[in-house]
Amino acid sequence: MNTREKNKNETLGAVSNFYDAEKNSFTGLPGIVAAFSDIKMIHKEIDLNEKIIQEGTKGKVVSKDDSQNELVKTALVFAGSVYGYAAGKNDSELLTFADINSKTFSKLRDSEIPLIVEKILDKADEIGEALIPFGITEEKRTLARTKLDDYLQKFGSVNTGKSTKKSARETNLMLFDKADQKLKVLDKLMFGFKESNPGLYSKYSAARVIYDKVSSHKGVNDNPTDTPAKPV
């Protein structure tokens with residue numbers, strides 16, 4: 001990544017961390033939640049692609065494929081349990097979220113699979129003990145996280161050759177463009193909080209600041225609500 005891209009990626013990470021810390025503020029606002037979720041997925045995919053670019057090949061494709069298949073199986077089990085829970089609650093939104101099968105994953109790029117799996121595991125963690133009657137205990141949730149971490153560790157060490165690195169680079173350029181569009185939407189949605197919840201808006205504005213590590217401006221704006229967040 002060049003300096004500009006590193007700054008953009010740092011901003012995506014800051015916005016993702018802001019959402020993780022403040023997600024309860026957006027309960028009942030699925031449009032805003034979806035926008036933040038998109039940013040988190042883009043940020044993670046960019047990091048995974050960058051790992052390919054930086055590390056190259058150290059593992060075997062077969063090992064990665066086995067790990068991926070195991071990860072998908074785990075995700076399908078979790079999604080099935082979430083679906084059963086949602087059916088009992090008559091939660092149509094959650095039913096749609098959990099209505100996935102093996103074909104769902106077959107249509108995804110390798111870099112997208114762990115992102116979808118993580119969303120499923122996040123949802124299972126959110127539901128928590130209510131999933132025990134559907135076969136998902138805390139121990140199983142912990143084990144699933146371990147599988148995901150293992151896969152992510154292997155992911156950047158398998159795909160080979162200059163062509164793969166080039167593809168990862170080109171994908172990241174597209175992802176940065178997509179992130180620009182998503183952040184523009186988020187900026188407009190979050191503006192609604194400027195009056196109703198200025199503290200929350202201030203935190204978001206701080207997260208949106210690009211840190212230029214080459215320049216002398218290394219601090220965040222002391223009063224981010226007075227100056228619009230600098231767009232990436």
Side-chain angles (χ1 to χ4, degrees), residues 1-50 86 91-100 108-109 111-112 114-123 125-126 169-215 217-232:
M1 293 186 193
N2 58 34
T3 301
R4 177 68 171 169
E5 289 165 349
K6 288 179 180 178
N7 290 339
K8 282 189 176 186
N9 200 37
E10 186 172 346
T11 295
L12 296 178
V15 171
S16 297
N17 291 338
F18 161 80
Y19 174 67
D20 288 340
E22 303 291 342
K23 62 173 59 178
N24 290 339
S25 300
F26 305 106
T27 302
L29 300 170
I32 296 180
V33 170
F36 276 113
S37 296
D38 287 343
I39 290 297
K40 287 187 67 174
M41 289 185 68
I42 291 171
H43 174 58
K44 288 176 181 178
E45 189 169 354
I46 286 173
D47 281 348
L48 289 172
N49 285 327
E50 184 64 17
D91 187 330
S92 58
E93 184 178 346
L94 191 55
L95 282 170
T96 300
F97 169 85
D99 188 12
I100 63 173
L108 299 175
R109 298 194 303 272
S111 59
E112 293 176 316
L115 306 178
I116 299 301
V117 173
E118 184 168 40
K119 288 186 72 173
I120 295 169
L121 298 186
D122 284 346
K123 183 60 66 175
D125 285 341
E126 182 181 321
R169 172 67 179 158
E170 291 173 347
T171 299
N172 269 2
L173 291 176
M174 290 188 291
L175 287 170
F176 278 123
D177 286 342
K178 186 176 180 181
D180 287 343
Q181 298 168 14
K182 296 293 182 180
L183 284 173
K184 184 176 181 179
V185 172
L186 255 183
D187 287 345
K188 293 182 180 299
L189 292 172
M190 288 300 300
F191 189 78
F193 290 93
K194 187 171 183 179
E195 297 295 332
S196 63
N197 194 336
L200 185 70
Y201 182 75
S202 177
K203 291 179 182 178
Y204 173 75
S205 296
R208 281 286 281 113
V209 171
I210 295 177
Y211 296 90
D212 187 350
K213 295 182 179 179
V214 177
S215 74
H217 302 290
K218 296 184 179 180
V220 225
N221 191 324
D222 290 333
N223 194 357
T225 55
D226 289 343
T227 305
K230 191 176 181 182
V232 296

Nearest-0.5 Å distance that lies between atom CD1 in Ile39 and atom CZ in Phe18:
12.5 Å
So which heavy atom on Ala207 is nearest to which on Ala14, and how close?
O-CB, 3.4 Å
Closest heavy-atom contact between Gly31 and Leu189?
O-CD1, 4.4 Å
First locate atom CD of Glu10, then atom CD of Glu5, and finally report the distance between them rounded to the nearest 0.5 Å.
14.0 Å
Closest non-hydrogen atoms of Glu93 and Pro30, given as atom of the first, atom of the second and distance, are OE2-CB, 4.0 Å
What's the shortest heavy-atom distance between Asn9 and Phe176, and which atoms?
N-CE2, 4.0 Å
Quick check: Tyr204 with Phe193 (ring centres under 6.0 Å apart)?
no
Distance check, rounded to the nearest 0.5 Å: Lys8 atom NZ versus Ile46 atom CD1?
9.0 Å
Least distance between heavy atoms, Arg208 atom then Val15 atom:
CD-CG2, 3.7 Å
Are Lys119 and Lys40 close enough that some pair of their side-chain heavy atoms sits under 4.5 Å apart?
no
When you measure from the side chain of Ser205 to the backbone of Tyr201, do you find a donor-acceptor pair of N or O atoms at a distance under 3.5 Å?
yes
Would you mind reporting whether Val33 and Tyr19 have side-chain heavy atoms less than 4.5 Å apart?
yes
If you apply the rule salt bridge (charged side-chain N to carboxylate O under 4.0 Å, His left out), what do you find for Asp38 with Lys178, and how did you get there?
CA-CA 10 Å; Asp38 287 343; Lys178 186 176 180 181; over 6 Å; no
Heavy-atom distance under 4.5 Å between the side chains of Leu200 and Phe26, does that happen here?
yes
Verdict with reasoning, Lys123 to Glu126, per salt bridge (charged side-chain N to carboxylate O under 4.0 Å, His left out)
CA-CA 5 Å; Lys123 183 60 66 175; Glu126 182 181 321; 3.5 Å; yes
Quick one: does Asp99's side chain have a donor or acceptor within less than 3.5 Å of a partner on Leu95's backbone?
no
Could you grab the distance from atom CG of Asn7 to atom CG of Leu12, nearest 0.5 Å is fine?
11.0 Å
To the closest 0.5 Å, what do you measure between CG (Leu48) and CD (Glu112)?
11.0 Å
Can you establish whether the number of heavy atoms outside Lys184 located under 6.0 Å from its atom NZ is more than 12?
no
Taking all heavy atoms of Asn172 and all of Glu50, pick out the closest pair and write down the distance.
ND2-N, 3.8 Å
Value for CG (Leu175) from CE (Met41), rounded to nearest 0.5 Å, stands at 10.0 Å
